[in-house]
2 protein chains.
Amino acid sequence: MSGSSKVRRPATLASLAAELGVSRTTVSNAYNRPDQLSAPLRERVLEAARRLGYPGPDPVARSLRTRRAGAVGLLLTEALSYAFRDPVATGFLEGLALACERAGQGLLLIPVSPEHADVAAVHRAGVDGFVVYSVREDDPHFLAVLERPVPTVVCDQPAGVEGLDRVGVDDHAAMLGLARHLTGLGHRRFGVICMRLGEYRSDGPASAARLADIAYPVQRNRLAGLRAGLAEVGVDWATVPIWERFDHSVEAGQTAAAELLAAHPQLTAIVCTSDILALGALRRAVAHGLTVPDDLTITGFDGVPEAERAGLTTVWQPVLEKGRAAGELLLERGDRIRPRSVTLPTELRIGRTSCAPRDAERWFSGL
Amino acid sequence: MSGSSKVRRPATLASLAAELGVSRTTVSNAYNRPDQLSAPLRERVLEAARRLGYPGPDPVARSLRTRRAGAVGLLLTEALSYAFRDPVATGFLEGLALACERAGQGLLLIPVSPEHADVAAVHRAGVDGFVVYSVREDDPHFLAVLERPVPTVVCDQPAGVEGLDRVGVDDHAAMLGLARHLTGLGHRRFGVICMRLGEYRSDGPASAARLADIAYPVQRNRLAGLRAGLAEVGVDWATVPIWERFDHSVEAGQTAAAELLAAHPQLTAIVCTSDILALGALRRAVAHGLTVPDDLTITGFDGVPEAERAGLTTVWQPVLEKGRAAGELLLERGDRIRPRSVTLPTELRIGRTSCAPRDAERWFSGL
DNA sequence: GTGAAAGCGCTAACAG
DNA sequence: CTGTTAGCGCTTTCAC
């Protein structure tokens with residue numbers, strides 16, 4: 001209001017053109033195709049723009065016209081503020097950001113506000129495609145994404161729906177490998193700590209009903225892989241206690257391990273479906289006076305740096321690659337003829353938290 | 001082309017309206033103002049939409065019309081893929097994401113591709129405002145942001161330019177406090193390890209010329225604060241060796257410390273302008289057989305979790321709060337009358353890496 | 001409760 | 001090299 005030059009003039013491309021007595025095309029070209037007009041004319045246009053406070057073509061109007069937003073949307077499991085704490089998610093984000101940067105595309109993080117269950121944010125997102133990272137299969141945001149007529153790639157989901165592109169690892173096979181490592185060492189009495197299995201909070205032993213209806217493919221596959229591995233040596237899955245935690249944190253792993261061990265003190269191995277949970281279990285075991293791995297074997301999943309530092313036996317997966325692959329799949333022009341699926345390799349990393357149980361000889365001598 | 005229903009029909013609001021024999025307004029209302037039409041009619045519209053494969057109002061067209069994109073843009077110093085590795089940046093991101101979620105706004109990460117020096121990405125961004133996080137003052141992307149006629153809040157920058165909102169800490173005062181702690185302990189022979197000071201890579205001792213023209217406000221202020229603190233006890237700034245590192249990593253801190261100590265073995269304290277660098281210096285000192293803090297005092301800045309675990313003496317700053325404050329400043333409606341500036345408090349955290357130097361008595365007895 | 005009119009600001013053919 | 005012509009798909013007063 002005071003004489004500030006910051007009074008935003010609503011100058012538009014059209015008004016600029018009028019002012020200069022040239023056509024809108026010319027002004028547009030001055031910005032988008034410098035080779036389509038003479039240098040002096042271009043300079044005249046740009047100079048006038050500066051003088052009139054014209055900030056250049058409006059990005060939204062341009063997007064409407066060109067039919068491209070120049071950004072990809074990312075839908076995450078949780079409140080995205082949480083994602084920045086999770087090393088697996090940040091690794092994925094880093095890879096995805098890498099791919100976006102290389103393509104000069106923006107990365108739009110879709111807000112999944114816990115308060116307003118705002119599917120609207122998905123509708124509002126001006127993007128050329130979506131990446132969906134490990135969400136519940138019945139997540140309404142996910143469903144909303146599927147409605148949008150833009151290419152979408154899902155991560156760690158079954159290839160399932162309507163020809164989406166997909167990237168992920170074989171969680172089932174990876175966990176099976178880990179299970180074989182453990183049964184090979186002689187373990188027979190397992191306990192499990194896993195991440196959330198459904199929409200609503202539930203902490204503690206997972207009921208059979210809950211296990212039968214796991215909404216998160218990653219958890220479902222990891223548990224199934226473990227089950228298959230144990231079945232190979234005749235361990236009855238129904239006898240394996242499975243402790244669920246809604247929150248994914250070291251503390252959650254810690255308390256879960258405490259409860260699990262209290263209820264089942266005879267366990268020789270605790271398999272966790274994530275490193276974070278395993279680190280918590282590890283902490284609890286140590287605090288409890290147990291020697292790992294001699295008294296108790298503990299394993300994780302993901303291969304995050306912190307786990308490596310701790311010498312955790314785990315399955316490493318290429319999270320950064322996963323993000324990058326997702327981005328490339330989405331941004332790559334061309335053969336979008338049929339859905340593509342990228343499965344990345346995992347690696348069993350045997351650390352210092354697994355060894356034969358004290359009673360191993362019992363099993364082997366029993367043969 | 002085959003009978004798949006996935007052939008994206010270019011159905012539009014208009015075509016839907018035509019099909020139903022109602023006006024576009026009605027269709028629009030069905031989506032945006034359910035209370036403006038009868039429930040049965042609305043259901044008819046939605047049903048037809050489903051049938052025709054109309055995905056709902058196009059977000060870009062809507063944005064053009066409503067003049068709001070529903071997202072804020074974030075401009076980061078570096079390749080954004082790097083940001084996800086830096087605990088300070090992720091803390092900031094978490095806070096910002098929190099604010100965005102609460103407001104139901106998307107967060108668009110602007111790609112700062114090192115390859116294409118793509119200021120265009122800034123122009124292309126369909127956002128209602130920008131947050132600029134600790135960039136070089138002459139960064140072309142930053143300049144491009146300033147051109148855009150949308151509210152912008154800068155972080156850790158001088159309030160400077162044309163009435164932008166600002167959030168940050170008082171780096172100068174914080175570092176002054178740290179300096180006083182060290183000089184109070186008796187230190188007089190300081191070495192410094194700092195982050196990049198200019199656009200182009202330079203590793204090693206920073207020349208006077210380079211120090212006189214630091215492009216990053218954060219580094220400038222931290223060094224100035226230190227200088228002021230040392231001046232108070234008569235330490236000549238010109239005699240203080242300052243080692244610069246372009247890359248911000250533990251390894252960088254490590255090699256910087258190695259060089260610094262080799263060239264100046266008599267130092268009793270190394271002040272680092274970030275925790276990450278300090279952790280590297282710490283690692284180097286230990287590897288070198290030095291006992292910290294007895295042989296050498298080492299300090300950091302930021303107060304990241306890893307530093308706390310290491311017991312580093314440092315200045316803690318509320319990075320999450322900073323992100324949240326930036327978001328709130330941007331999203332908050334109302335009194336955008338005059339630029340606002342939020343300065344958050346810092347806290348000197350004395351850990352186990354600082355103590356009096358062996359020759360302290362020399363100085364005190366000299367009084 | 002519903003429709004008609006009027007653009008939002010821009011780009012992409014295609015002529016000249 | 002420059003201008004003319006047509007919308008992109010939607011929302012929003014304002015009458016009916």
Side-chain angles (χ1 to χ4, degrees), chain A residues 8-46 48-49 52-70 120 123-128 148-150, chain B residues 8-46 48-49 52-70 120 123-128 148-150:
Chain A
R8 260 92 195 222
R9 317 287 262 77
T12 72
L13 184 147
S15 72
L16 219 190
E19 174 81 17
L20 268 89
V22 302
S23 85
R24 302 205 291 280
T25 309
T26 301
V27 178
S28 176
N29 282 339
Y31 285 96
N32 303 318
R33 304 165 156 197
D35 53 314
Q36 295 296 296
L37 38 54
S38 64
L41 176 54
R42 171 155 197 259
E43 199 36 66
R44 240 182 79 215
V45 172
L46 264 31
L52 272 62
Y54 175 63
D58 178 293
V60 175
R62 166 190 276 155
S63 284
L64 175 58
R65 190 55 235 233
T66 60
R67 315 268 31 177
R68 31 185 34 279
H123 293 132
R124 245 193 283 281
V127 296
D128 301 322
R148 294 275 309 260
V150 293
Chain B
R8 260 87 197 226
R9 317 286 261 78
T12 72
L13 185 147
S15 72
L16 218 191
E19 174 81 17
L20 270 89
V22 302
S23 85
R24 303 207 290 280
T25 308
T26 301
V27 178
S28 176
N29 282 339
Y31 285 95
N32 303 317
R33 303 166 157 196
D35 53 315
Q36 294 299 294
L37 38 56
S38 64
L41 176 53
R42 172 154 195 258
E43 199 37 63
R44 241 182 80 216
V45 172
L46 264 30
L52 271 63
Y54 176 63
D58 179 291
V60 175
R62 165 191 276 157
S63 284
L64 175 58
R65 189 54 235 235
T66 59
R67 313 270 37 187
R68 30 184 38 276
H123 292 132
R124 247 193 280 280
V127 297
D128 301 322
R148 294 275 308 260
V150 293

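In this text, all values refer to a predicted model and were calculated from it rather than measured experimentally. Residue numbers begin at 1 in each chain, while the letters A, B, ... track the order of the sequences.
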Nearest-Å distance for atom pair [atom1]/[atom2], residues [X] and [N]:
X        : N       : atom1 : atom2 : answer
Arg65(B) : dC8(C)  : CZ    : P     : 8 Å
Leu64(B) : dT11(C) : CG    : C1'   : 13 Å
Leu13(A) : dG7(D)  : CG    : P     : 19 Å
Asp58(B) : dG7(D)  : CG    : C1'   : 14 Å
Arg68(A) : dG9(D)  : CZ    : P     : 15 Å

Quick test: give all pairs of protein nitrogen or oxygen and nucleotides 14-16 of chain D nitrogen or oxygen below 3.5 Å, distance rounded to 0.1 Å.
none

Holding to side chain to side chain donor-acceptor pair (under 3.5 Å), I want the full list of residues that pass it with [X], two or more places apart in sequence or in another chain.
X        : result
Thr66(B) : none
Arg62(B) : Asn32(B)
Asp58(B) : Arg67(A)

Could you walk me through whether Val60(A) and Val60(B) satisfy the side chain to side chain contact (heavy atoms under 4.5 Å, CB included) test, starting with their C-alpha distance in whole Å, then the side-chain angles of each, then the deciding distance to 0.1 Å, before giving a yes or no?
CA-CA 6 Å; Val60(A) 175; Val60(B) 175; 4.2 Å; yes
Using salt bridge (charged side-chain N to carboxylate O under 4.0 Å, His left out) as the criterion, list what pairs up with Glu19(B), not counting sequence neighbours.
none
Can you list everything that forms a side-chain contact (heavy atoms from CB on, under 4.5 Å) with Leu13(B)? Sequence neighbours excluded, please.
Arg24(B), Val27(B), Ser28(B), Tyr54(B)
Those residues that, when tested against Asn29(A), pass side-chain contact (heavy atoms from CB on, under 4.5 Å) (two or more places apart)
Thr25(A), Arg33(A), Gln36(A), Leu37(A)
Any side-chain N or O of Arg67(B) below 4.0 angstrom from OP1/OP2 of dC8(C)?
no
Counting only side-chain heavy atoms from C-beta out, which of dT2(D), dG7(C), dT11(C) sits nearest to Leu41(A)?
dT2(D)
Show each protein N/O and nucleotides 14-16 of chain C N/O combination with a separation under 3.5 Å, one pair to a line.
none

Does anything in residues 23-39 of chain A come within less than 4.0 Å of DNA chain D? Heavy atoms only, and list the residues if so.
Ser23(A), Arg24(A), Thr25(A), Thr26(A), Asp35(A), Gln36(A), Leu37(A), Ser38(A)
So what does Val60(B) touch, heavy atoms closer than 4.0 Å: a base, only the sugar-phosphate, or nothing?
nothing
Hey, what do you get for CG (Leu41(B)) to CG (Leu20(B)), rounding to the nearest 0.5 Å?
8.0 Å
